[in-house]
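Below you'll find the structure, written out as structure tokens, and then a few comments.
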Amino acid sequence: MPTTDLPSATCLVNGHEMHFKRGGTGPPLVFLHGVLGTHEVWADLAAELATEYTVVVPDLFGHGASSKHRGDYSLGAHAAAVRDLVNASGFERVTMIGHSLGGGIALQFSYLFPEKVNAL
């Protein structure tokens, strides 16, 4: 079951739409793709883990179906946008999974918002 089979949604973050896939039940996992990637980078793994976890797989701003706005694309700005998505999803704490740019954002997220992180 690729992430294309997971339901799509959008979240308004600072006036910009962030697209993401979400599915499953259980402890929340947030997957962050690298530069020039999309949620599809995580398709197989996220779908498999959705059998035991709640998976949230966004397209970062400037990527995929998310807004390509003028503004700040720093690690901190991406981390704050992911925090807003996590909060809008109703999660108190999440496990962050990222690679490349997504790994940097996950690290920045854990530094800025340690109270929101179960694991990295």
Side-chain angles (χ1 to χ4, degrees):
M1 172 169 91
T3 59
T4 54
D5 294 340
L6 297 175
S8 287
T10 59
C11 179
L12 201 59
V13 176
N14 293 323
H16 305 286
E17 282 194 357
M18 178 176 278
H19 170 264
F20 63 99
K21 297 283 191 161
R22 179 178 172 167
T25 58
L29 306 176
V30 177
F31 293 83
L32 301 175
H33 62 77
V35 69
L36 302 179
T38 69
H39 68 275
E40 285 300 320
V41 168
W42 297 107
D44 294 335
L45 182 60
E48 186 174 327
L49 290 173
T51 61
E52 297 180 39
Y53 299 90
T54 301
V55 298
V56 178
V57 193
D59 287 334
L60 297 169
F61 283 134
H63 298 79
S66 288
S67 291
K68 286 120 181 107
H69 59 81
R70 292 179 148 193
D72 189 355
Y73 286 90
S74 67
L75 293 179
H78 278 302
V82 171
R83 179 215 43 213
D84 293 345
L85 175 61
V86 166
N87 288 342
S89 297
F91 303 128
E92 289 187 34
R93 297 176 66 84
V94 298
T95 295
M96 302 296 295
I97 301 165
H99 87 86
S100 186
L101 172 66
I105 295 167
L107 286 169
Q108 188 70 17
F109 183 96
S110 67
Y111 175 75
L112 292 172
F113 315 112
E115 71 284 358
K116 305 293 287 176
V117 179
N118 280 328
L120 178 64

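The shown structure was predicted, so the numbers you read here are calculated from the model rather than taken from an experiment. Values below: all heavy atoms of this structure, side chains included; hydrogens, waters and symmetry mates excluded.
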Looking at [Y], is its backbone amide N or carbonyl O close enough to the side chain of [X] to form a donor-acceptor pair, meaning the two atoms are under 3.5 Å apart?
{"X": "Arg93", "Y": "Glu115", "value": "yes"}
{"X": "Ser89", "Y": "Leu85", "value": "yes"}
{"X": "Thr95", "Y": "Leu29", "value": "no"}
{"X": "His63", "Y": "Phe61", "value": "yes"}

Are [X] and [Y] in one and the same hydrophobic cluster, where Ile, Leu, Val, Met, Phe, Trp and Tyr link if side-chain heavy atoms are under 4.5 Å apart?
{"X": "Val13", "Y": "Leu75", "answer": "yes"}
{"X": "Leu12", "Y": "Tyr73", "answer": "no"}
{"X": "Val117", "Y": "Val82", "answer": "yes"}
{"X": "Val56", "Y": "Val41", "answer": "no"}
{"X": "Leu49", "Y": "Val94", "answer": "no"}

Find out whether [X] and [Y] are in side-chain contact, i.e. whether some heavy atom of one side chain is under 4.5 Å from a heavy atom of the other.
{"X": "Trp42", "Y": "Ile97", "answer": "yes"}
{"X": "Val55", "Y": "Lys21", "answer": "no"}
{"X": "Phe91", "Y": "Thr54", "answer": "yes"}
{"X": "Ser110", "Y": "Met96", "answer": "no"}
{"X": "Met18", "Y": "Asp59", "answer": "no"}

Closest heavy-atom pair and its distance - Glu52, Pro27:
O-CD, 3.8 Å

If you take all heavy atoms of Val57 and Ala46, which pair is closest and at what distance?
CG2-CB, 3.8 Å

Determine, step by step, whether Phe20 and His39 satisfy the side-chain contact (heavy atoms from CB on, under 4.5 Å) criterion, reporting the C-alpha distance in whole Å, the side-chain angles of both residues, the deciding distance to 0.1 Å, and the verdict.
CA-CA 7 Å; Phe20 63 99; His39 68 275; over 6 Å; no

Interatomic spacing from CZ in Arg83 to NE2 in His78 - rounded to 0.5 Å
14.5 Å

Around atom CZ of Phe113, are there more than 12 heavy atoms from other residues, nucleotides or ligands closer than 6.0 Å?
yes

Using distance only, find each side-chain donor-acceptor pair of residues 31-38 under 3.5 Å and give its atom names and separation, not counting sequence neighbours.
| from | atom 1 | to | atom 2 | distance (Å) |
| --- | --- | --- | --- | --- |
| His33 | ND1 | Gly37 | O | 3.4 |
| His33 | NE2 | Leu60 | N | 3.0 |
| Thr38 | OG1 | Glu40 | N | 3.1 |

